[in-house]
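Take a look at the structure below.
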Number of protein chains: 2
Amino acid sequence: MTSPLIMRLRHHGKLSDEAADALLGCRARNRLVEPGQSLMQQGQPVKSLFWIESGWAMRHRSLACGRRQILNLLLPGDTGDLQGLVDTRADHSVTAMTQLMVSEVDAPRFLELIEGNAEISSALLWSVVQEEGILREHIVRIGRRSARIRLAHLLLELVRRQALGGGPSDGRLETNLTRDVLADCLGLTPVHISRTLSELRRAGLVRIEERGRLRVIDIGELARHADYDTRYLHLQRPAHILDQRGRGAA
Amino acid sequence: MTSPLIMRLRHHGKLSDEAADALLGCRARNRLVEPGQSLMQQGQPVKSLFWIESGWAMRHRSLACGRRQILNLLLPGDTGDLQGLVDTRADHSVTAMTQLMVSEVDAPRFLELIEGNAEISSALLWSVVQEEGILREHIVRIGRRSARIRLAHLLLELVRRQALGGGPSDGRLETNLTRDVLADCLGLTPVHISRTLSELRRAGLVRIEERGRLRVIDIGELARHADYDTRYLHLQRPAHILDQRGRGAA
DNA sequence: CGCAGACTTGAAAATACTCAATAAATGTGG
DNA sequence: CCACATTTATTGAGTATTTTCAAGTCTGCG
């Protein structure tokens, strides 16, 4: 079974087996993390880099006034924080939302790999570039969209990302997203999320299944409703660009 | 005189003269761009990569409903869009706010460098990682801060980034930021920006100088007012991490 | 001088927030 | 398996922030 990190990196382009092995070779150990536990904490030095093998986590930032903003949800294949490797203290926290299996990485070895192996550093570069795309999408969502479309948009993104990491692609979300989490993602209050979600439910776009799991009933329908660009996150490097560089498709 | 791109990359760590030369060697030509002109357009194929030598630009996204969200302002040393190199169509536009001097890059050659030279791809990786930090900050700003603090925060960031690129560091902003631009950055309306800016002016935190240029009167004072972490964007790779890897400081 | 673009200000309306009370779901120990 | 405690979700009413619309002002520039 392939690690979701390798799946992710290969989604952007070619990655040789040797490079993949070298990356996986940095794994110091696998660790099980319980929901609510933090993998890194804002203001603390970053001790280790990790990536997620299974489960969901969140990257979030707490403000002096007590409020919290979730910057991004982390799904299998997402890496903890590269910035932590070059900065002294974390500017945000990462906390497990479900039980998590993470691979912890030997940082010096990892840095050496990055600086010495162009195949690996460029693969990571493209991966970070995609992550940037996710953040940009989030900015647009929060900055210029109504509560209703924000929520629809986020759900669509999560459904898609879950599928990219090998999860179900039928509209189910495998995690119980509380109103508080959704609110802190979208810059709204839990109360307003509750109301907005009810609207989407009454409109027949979304359903709540056992154990509070959300399900998008018809992805295409919701996408139309939410002005959602279905090309988003379809970031395979297209063949004509690979050709330009004289290499075959991945 | 060093190119601001090289300055930027060296801010994160060591970059040999050979690597810098190789990067600069990709320059196909320098181009002067007039304010309002676009360097890339949402939905169009991305023809070329560029980076900014001088002037300000904005990265923005237009929505079906006619609204616009500015994702980030681009200052000297910022690169156009790496994602454009791997994706078929731009998911956002880049437009000049002032007169701009940009270096256009020979894309295939640049890609070859990235994939073949670990020093360059890792330098770009760290640079993109920092850019991600800017986007995260922006998400927090838009998601969880009041109009007043949003605005103060953005101004502080711009003052700082301007200084990092070699511009003045005394609180002056060398560009005329219209209310519309600020509004589309911060997810507010121009009208509300106008009111909020008046508040900051009445509080003696900000001033408007000749030709509509903004000036932060006392950076420390505004930072305190705005819950602004002054460690933000101080992303030199700290010595102890460099040591860990057995290399000297940059 | 007069025009065009950007800015300011006021009043009414919309969106989202707060507070508070109730209901539902989840987990725990007996 | 049930009763209880705890957490999470829903709903209502009043409030705050921001938006919208519209009219008026300022400024640079030909």
Side-chain angles (χ1 to χ4, degrees), chain A residues 34-36 58 63 65-70 95 97-99 141-155 173 175-203 206-215 226, chain B residues 34-36 58 63 65-70 95 97-98 141-155 173 175-203 206-215:
Chain A
E34 292 304 316
M58 63 187 178
L63 303 188
C65 55
R67 291 169 136 184
R68 177 181 73 164
Q69 173 68 46
I70 295 177
T95 303
M97 294 168 60
T98 67
Q99 200 183 58
R141 198 152 45 207
I142 296 180
R144 281 289 181 238
R145 296 188 189 278
S146 67
R148 189 175 176 164
I149 293 187
R150 272 187 226 187
L151 183 54
H153 228 266
L154 179 64
L155 295 178
L173 285 174
T175 305
N176 184 358
L177 294 167
T178 66
R179 307 296 179 260
D180 285 272
V181 166
L182 291 170
D184 285 334
C185 274
L186 296 174
L188 299 165
T189 53
V191 174
H192 200 59
I193 289 287
S194 176
R195 292 190 225 271
T196 308
L197 203 52
S198 300
E199 270 185 54
L200 290 181
R201 259 191 301 167
R202 276 195 298 273
V206 157
R207 190 165 56 204
I208 293 176
E209 314 212 308
E210 1 60 74
R211 292 199 286 160
R213 311 246 149 130
L214 287 171
R215 177 185 205 124
Chain B
E34 293 303 318
M58 60 186 181
L63 304 187
C65 55
R67 292 169 136 184
R68 178 181 72 163
Q69 173 68 45
I70 295 178
T95 303
M97 293 166 62
T98 68
R141 199 152 44 209
I142 298 181
R144 281 287 178 241
R145 296 188 190 279
S146 68
R148 189 175 180 163
I149 293 188
R150 271 187 227 190
L151 183 53
H153 228 264
L154 178 64
L155 295 178
L173 285 174
T175 306
N176 185 356
L177 294 167
T178 66
R179 307 297 179 261
D180 286 274
V181 166
L182 291 170
D184 285 334
C185 274
L186 296 174
L188 300 165
T189 54
V191 172
H192 199 59
I193 288 287
S194 175
R195 293 190 224 272
T196 308
L197 202 51
S198 303
E199 271 184 53
L200 290 181
R201 259 189 302 166
R202 276 195 297 274
V206 157
R207 188 163 62 203
I208 294 177
E209 314 212 307
E210 1 63 75
R211 295 199 287 159
R213 308 244 150 131
L214 285 171
R215 176 183 204 126

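Letters A, B, ... mirror the listed sequences (proteins, then strands); counts begin at 1.
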**Asked** Tell me, for nucleotides 2-17 of chain C in 5' to 3' order, what letter each nucleotide earns: B for a base near a protein heavy atom under 4.0 Å, S for only sugar-phosphate near one, - for neither?
**Response** -----SBBBB----BS
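Shown here are the side-chain contact (heavy atoms from CB on, under 4.5 Å) partners of B:E210, two or more places apart in sequence or in another chain: there are none. Residues satisfying the side-chain contact (heavy atoms from CB on, under 4.5 Å) criterion with B:T189, sequence neighbours excluded, are B:V191, B:H192. Partners of A:R215 by side-chain contact (heavy atoms from CB on, under 4.5 Å), not counting sequence neighbours, listed by chain and number: A:D170, A:R172, A:R207, A:E209. For A:R211, the side-chain contact (heavy atoms from CB on, under 4.5 Å) partners at least two apart in sequence or on another chain are A:R213. The side-chain hydrogen bond (donor to acceptor under 3.5 Å, both in side chains) check on B:T95 picks up B:S38, B:H60, with sequence neighbours excluded.
Panel note: side chain B:S194, backbone B:P190; no donor-acceptor pair is recorded below 3.5 Å. A distance-only check finds a donor-acceptor pair linking the side chain of A:R150 to the backbone of A:R145 [under 3.5 Å].
Comparing the start and finish of the helix from C:dC1-D:dG30 to C:dG30-D:dC1, five pairs each, the helix axis swings through 40°, to the nearest 10 degrees.
You can see that DNA chain D meets the heavy atoms of chain B within a 4.0 Å-exclusive cut from D:dT18 to D:dC21, reading 5' to 3'.
Sorted by first and then second residue, the salt bridge (Lys or Arg N to Asp or Glu O under 4.0 Å) pairs involving residues 176-197 of chain B (not counting sequence neighbours) are A:R144-B:D184, B:R68-B:D184.
Rounding to the nearest 0.5 angstrom, the gap separating the OG1 atom in A:T196 from the CD1 atom in A:I149 is 11.5 Å.
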**Asked** Are B:L182 and B:L214 close enough, and set up right, to give a side chain to side chain contact (heavy atoms under 4.5 Å, CB included), and what steps lead you there?
**Response** CA-CA 12 Å; B:L182 291 170; B:L214 285 171; 4.3 Å; yes
